[in-house]
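Structure, as structure tokens:
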Amino acid sequence: MNHILNLQTTAVHGGARKDDVFGAINEPIYMTSNYRIPTDGTPVDWSGIHSNIYCRNRNPNQMVLQDKLCALTGAQDCAVFASGVAALAAVFTTFLNSGDHAIVSEVCYSATNLLFREYLPKKYGIEVTLLDTTDTDAVRAAVRPNTKLIHVETPGNPTTGISDLDAIAAIAQASGALLSVDATFAGPVSIFPLRHGAALEIHSMTKYINGHGDSLGGCVLGNTDLIDRLKELAMVNYGGILSPFNAWLVARGLVTAPLRMKQHSAVALAVAQYLETCPGVRFVWYPGLESHPQHDRAARLMNGQYSGMISFDIKGDEKAHQKFLDSLHLVTHAVSLGDVESLIVYYDKNSDKLPHYSAIYQEGFFRFSVGLEDAEDVIADLKQAMKACGVL
Ligand code: PLP
């Protein structure tokens, strides 16, 4: 068939189904730690990443999930891990050696920040420049002869800054570095980093890919050569693999990712637009708002869907922030994001996790993961909480 399938159809049908002997339409869960190895002379790949030997090397549930992710993103290959952090650490430790230099988004998930600020330089002698990657000139100026990796998080966690992937990919290519992009905040159906020149696309599957808040997972997408290197080192020898059961859960969630992302994006846009009208709101950052500093870039990169992540703050002291959180009924104060239900987390101004280069960070603020509820209900909850804490 010459017809190219759309995203939601690909999410349903994409990836090879590994039919079982009973003809089950849904993938069975292969709860086995090892496999019978051929004794009839059939060649065996003892690395185990291309033969069934042992569950740490590969298993059918991982493979089905990997295939579906490749179908959605157009990647040649994919490796899945036990968590987003396991996927990130796999990339950093596979592709960086001591003496190498990495350029990294300063606004990024806290574990990425800590790995690059502390562990990779101190334990492994890796040179690191953390900077604002939404500033393309700063990225260009930071390149050194030994730069081997440019790692960009976009939209950046927690403030949703958008980096110019095409321009940074050109910088990476000219300097012989790999560009890896953590696109967790957008999921694999809103931003397509590989189409914009990235060598590696990374997601915490815990978020929009699984989407139901019941499993952790991480994935890395790229060409077969890079992904084989990741599997050989990080899956087989570091061992942070995704269990068959969690791979099955995440693959089930992935089926509805395009559908969910439409609703997340529509509700978040309505919520962000509402927040912008509130005099008691100090700032709102949402890539879909024209007021977002990189809105034009987001419009170019985000496939018309700006995801469910908003950062905003109310005008009030610490007590007012606490009261606001305490007054929410529908929205839950919790970490993580990309779930069916709305989650909000407060970044206290004293949090050591915040990069303090931006004025926004001088005070605390909220990171809001808008769920799949109806916009009207989410807005009503925010409104009554703002009234309760006295900013409306
Ligand atoms: N990358 C980003 C952008 C994240 O927001 C997170 C977690 O919040 C991670 C990676 C880590 O993912 P996990 O919790 O699955 O290890």
Side-chain angles (χ1 to χ4, degrees), residues 62 65 69 78-93 104-117 119-120 130 133-134 151-163 165 180-188 190-191 193 198 200-221 234-235 238-243 246-247 249-251 253-254 257 261 264 268 285 287 302 306-311 332-339 342-347 351 353-355 365-371:
Q62 282 175 1
L65 174 59
L69 284 162
C78 174
V80 291
F81 294 90
S83 68
V85 167
L88 289 161
V91 168
F92 306 153
T93 51
V104 182
S105 293
E106 183 166 32
V107 176
C108 62
Y109 181 58
S110 55
T112 305
N113 199 289
L114 207 59
L115 279 171
F116 279 112
R117 222 173 259 287
Y119 297 115
L120 291 166
L130 285 146
T133 53
T134 66
H151 178 72
V152 168
E153 195 174 295
T154 207
N157 181 0
T159 50
T160 78
I162 306 287
S163 299
L165 296 186
S180 60
V181 177
D182 181 341
T184 296
F185 257 39
S190 166
I191 283 189
L200 296 165
E201 171 176 346
I202 307 168
H203 294 270
S204 162
M205 300 193 295
T206 315
K207 320 301 180 193
Y208 288 107
I209 292 179
N210 177 44
H212 293 73
D214 50 17
S215 170
L216 269 63
C219 66
V220 186
L221 296 134
M235 276 179 60
Y238 293 158
I241 60 132
L242 191 64
S243 74
N246 283 7
L249 277 176
V250 174
L254 179 57
M261 186 48 82
H264 282 298
W285 271 17
M302 293 189 82
Y306 299 98
S307 191
M309 300 307 300
I310 300 174
S311 61
T332 304
H333 184 215
V335 296
S336 203
L337 56 109
D339 277 16
S342 290
L343 304 174
I344 195 163
V345 70
Y346 181 48
Y347 283 79
S351 168
K353 293 193 172 126
L354 298 179
F365 65 93
F366 299 109
R367 187 193 72 186
F368 187 16
S369 168
V370 178

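For ligands, and for the atoms within them, numbers begin at 1 and follow the listed sequence.
Relative ring orientation between Y347 and F365 is described as parallel, the plane-to-plane angle staying below 30° on a 0-90° scale split at 30° and 60°.
A donor-acceptor pair is defined here as one N or O able to donate and one able to accept, closer than 3.5 Å; no such pair exists between the side chain of S163 and the backbone of V152. Here the side chain of T184 pairs a donor or acceptor atom with the backbone of S204 at under 3.5 angstrom.
Among residues two or more places apart in sequence or in another chain, the ring pair (Phe, Tyr, Trp, His ring centres under 6.0 Å) test is passed with H203 by none. By the side-chain contact (heavy atoms from CB on, under 4.5 Å) test, A90 pairs with F81, L230, A234, sequence neighbours left out. The ring pair (Phe, Tyr, Trp, His ring centres under 6.0 Å) test applied to F116 returns F92, not counting sequence neighbours.
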Would you mind listing each N/O atom of ligand 1 next to any protein N/O under 3.5 Å, plus the distance?
from     : atom 1 : to   : atom 2 : distance (Å)
ligand 1 : 1 (N)  : D182 : OD2    : 2.7
ligand 1 : 5 (O)  : N157 : ND2    : 2.8
ligand 1 : 8 (O)  : K207 : NZ     : 3.2
ligand 1 : 12 (O) : S204 : OG     : 3.0
ligand 1 : 15 (O) : G84  : N      : 2.8
ligand 1 : 15 (O) : S204 : OG     : 2.8
ligand 1 : 15 (O) : T206 : OG1    : 2.6
ligand 1 : 16 (O) : G84  : N      : 3.1
ligand 1 : 16 (O) : V85  : N      : 2.9

